[in-house]
**Student:** 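Before I ask anything, here is the structure I am working with.
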Amino acid sequence: PLAANYALRPARPAPPADGGRVAMLPGSRTGEIARHLPRLIEAFRILRARRPDLRGVAGASDDATERKIRAALRSADLHDVTIVRGVVEATAAADAAWIASGTAVLEATLSGVPVVALYAIAPILIPYAKRIMRSRFITLPNLVLDQAIVPELLQNDATPERLADAMDETLRDPGVQYAAFERLHRELGPDDALEAWGKFVVSLGVAGRAR
């Protein structure tokens, strides 16, 4: 049903080599913010050293998350990063986004926004995660297409340096992901999927009453 709610924006050219606008979405849970936000802030600092005109926007899921993000940005002396509410607001004007793996990654890609995904869990959970993992991917777009269209940086690979490198590469050639986003929309089915299911459920009730 998400496919019907997000329109693919027109493809954008690469931003200037010294600039661009990137979104940071660290997640909504306390642990996600604690593990992801410091990495994203440092990655942004590294990337801005390469791209002096880089602009940033952070997406907060609620008031508590916004307070944590604001405090972290203040501590990092990043006073020009805008904080907005939600995935849509954060990615609307962004050339690309760092996003914690989850539904937000799918929302952004369905909107045509290039993404670099990250995720880190508490070290104590790693053995359990390894036991239950059955796929080489964790992000929803990659799982749907069975292809690494979105870079996934997980656990120790999600360093600020690697996050900055992956974002820099994405900004230089955003068209690589965009072509796959069109396929993603097609793979998820027609835009009227939710309406079709609604009609199907109603028809079952009508048929039941007729019997």
**Student:** Would you say Leu188 ends up clustered with Leu140 if hydrophobic residues are merged whenever their side chains have heavy atoms under 4.5 Å apart, either directly or through other cluster members?
**Tutor:** yes
**Student:** Between Ser28 and Ser61, what is the shortest heavy-atom contact and its length?
**Tutor:** CB-OG, 3.2 Å
**Student:** Counting only heavy atoms not in Arg85, do more than 12 sit closer than 6.0 Å to its CZ atom?
**Tutor:** yes
**Student:** Counting C-beta onward and ignoring hydrogens, is there a side-chain heavy-atom pair between Met24 and Val81 closer than 4.5 Å?
**Tutor:** yes
**Student:** What is the distance from atom OG1 of Thr139 to atom CG of Leu118, rounded to the nearest 0.5 Å?
**Tutor:** 11.0 Å
**Student:** Using every non-hydrogen atom in the two residues, find where Ile83 and Ile69 come nearest and quote the distance to one decimal.
**Tutor:** CD1-CG2, 3.8 Å
**Student:** Please tell me if the side chains of Tyr6 and Val88 come closer than 4.5 Å, counting only heavy atoms from C-beta onward.
**Tutor:** yes
**Student:** Supply the atom-to-atom distance Leu153 CG to Thr159 OG1, rounded to the nearest 0.5 angstrom.
**Tutor:** 7.5 Å
**Student:** Going through the checks in order, is the salt bridge (charged side-chain N to carboxylate O under 4.0 Å, His left out) test met by Asp80 and Arg48?
**Tutor:** CA-CA 12 Å; Asp80 56 347; Arg48 189 151 73 174; 2.7 Å; yes
**Student:** Val176, Val150: one ILVMFWY side-chain cluster at the under-4.5 Å cut-off?
**Tutor:** no
**Student:** How long is the gap from CG on Leu25 to CG on Leu40, to the nearest 0.5 Å?
**Tutor:** 8.5 Å
**Student:** Counting distance only, does the side-chain N/O of Asp18 pair as donor-acceptor with the main-chain N or O of Pro52 below 3.5 Å?
**Tutor:** no
**Student:** State the CD1-CG distance between Ile149 and Leu145, to the nearest 0.5 angstrom.
**Tutor:** 4.5 Å
**Student:** Would you please test Asp165 and Arg50 for side chain to side chain contact (heavy atoms under 4.5 Å, CB included) and show each step?
**Tutor:** CA-CA 10 Å; Asp165 289 345; Arg50 306 174 191 175; 2.6 Å; yes
**Student:** Without hydrogens or angle criteria, can the side chains of Asn142 and Gln147 be said to hold a donor-acceptor pair below 3.5 Å?
**Tutor:** no
**Student:** Look at the side chain of Glu66 and the backbone N and O of Asp62, then say whether any donor-acceptor pair between them is shorter than 3.5 Å.
**Tutor:** no
**Student:** Tell me whether Glu195 is salt-bridged to Lys199, with the criterion being a basic N under 4.0 Å from an acidic carboxylate O.
**Tutor:** yes
**Student:** What do the steps show when you test Val113 against Gln177 for side chain to side chain contact (heavy atoms under 4.5 Å, CB included), and what is the final call?
**Tutor:** CA-CA 9 Å; Val113 181; Gln177 288 195 30; over 6 Å; no
**Student:** Any pair with a residue in residues 87-104 that passes side chain to side chain donor-acceptor pair (under 3.5 Å), sequence neighbours left out, goes on the list, sorted by first then second residue, please.
**Tutor:** none
**Student:** Check Arg12 against Ala92 and note the closest heavy-atom contact, atom names and distance.
**Tutor:** NH2-O, 3.2 Å
**Student:** What distance do Leu37 atom CG and Ile41 atom CD1 have between them, rounded to the nearest 0.5 Å?
**Tutor:** 4.0 Å
**Student:** Could you check if a side-chain atom of Val105 sits within less than 4.5 angstrom of a side-chain atom of Pro141, using non-hydrogen atoms only?
**Tutor:** yes
**Student:** Can any side-chain N or O of Arg39 pair as donor or acceptor with the backbone N or O of Arg35 at less than 3.5 Å?
**Tutor:** yes
**Student:** With distance as the sole test, does Glu187 use its side chain to make a donor-acceptor pair with the main-chain N or O of Leu184 at under 3.5 Å?
**Tutor:** no
**Student:** Begin from the C-alpha positions of Glu182 and Arg186 and carry the test salt bridge (charged side-chain N to carboxylate O under 4.0 Å, His left out) through to its verdict.
**Tutor:** CA-CA 7 Å; Glu182 295 174 320; Arg186 292 195 298 269; 5.3 Å; no
**Student:** Under a 4.0 Å threshold between the charged nitrogen and the carboxylate oxygen, would Asp63 count as salt-bridged to Arg67?
**Tutor:** no
**Student:** Hey, quick one: are Val87 and Val84 part of the same hydrophobic cluster, counting side-chain heavy atoms closer than 4.5 Å, chains of contacts allowed?
**Tutor:** no
**Student:** Evaluate the criterion side chain to side chain contact (heavy atoms under 4.5 Å, CB included) for residue pair Asn5 and Glu107; output intermediate values, then yes/no.
**Tutor:** CA-CA 9 Å; Asn5 296 332; Glu107 292 179 67; over 6 Å; no
**Student:** Quick one: which residue pairs count as a ring pair (Phe, Tyr, Trp, His ring centres under 6.0 Å) with a foot in residues 30-56, not counting sequence neighbours?
**Tutor:** His36-Tyr119
**Student:** Of all the heavy-atom pairs spanning Pro174 and Pro114, show the shortest one and how long it is.
**Tutor:** CB-CG, 3.9 Å
**Student:** So does Leu54 get a backbone contact from the side chain of Arg21, meaning a donor-acceptor N/O pair under 3.5 Å?
**Tutor:** no
**Student:** Within this structure, what is the CZ-NE2 distance for the pair Arg74 and His79, rounded to the nearest 0.5 Å?
**Tutor:** 8.0 Å
**Student:** Looking at every heavy atom in both Pro38 and Ile33, which two are closest together, and how far apart are they?
**Tutor:** CD-O, 3.6 Å
**Student:** Measure from the side-chain N and O atoms of Glu152 to the backbone N and O of Ile138, and report whether any donor-acceptor pair falls under 3.5 Å.
**Tutor:** yes
**Student:** Any ion pair linking Glu169 and Arg172 (charged N to carboxylate O, less than 4.0 Å)?
**Tutor:** no
**Student:** Looking at every heavy atom in both Gly27 and Thr65, which two are closest together, and how far apart are they?
**Tutor:** O-CG2, 4.1 Å
**Student:** Same hydrophobic cluster for Leu110 and Phe181, using side-chain heavy-atom links shorter than 4.5 Å among ILVMFWY?
**Tutor:** yes
**Student:** Transitively linked via ILVMFWY side-chain contacts under 4.5 Å: Leu171 with Tyr178?
**Tutor:** no
**Student:** List the steps, then state whether side chain to side chain contact (heavy atoms under 4.5 Å, CB included) holds for Phe137 with Asp146.
**Tutor:** CA-CA 8 Å; Phe137 304 121; Asp146 194 28; 3.8 Å; yes
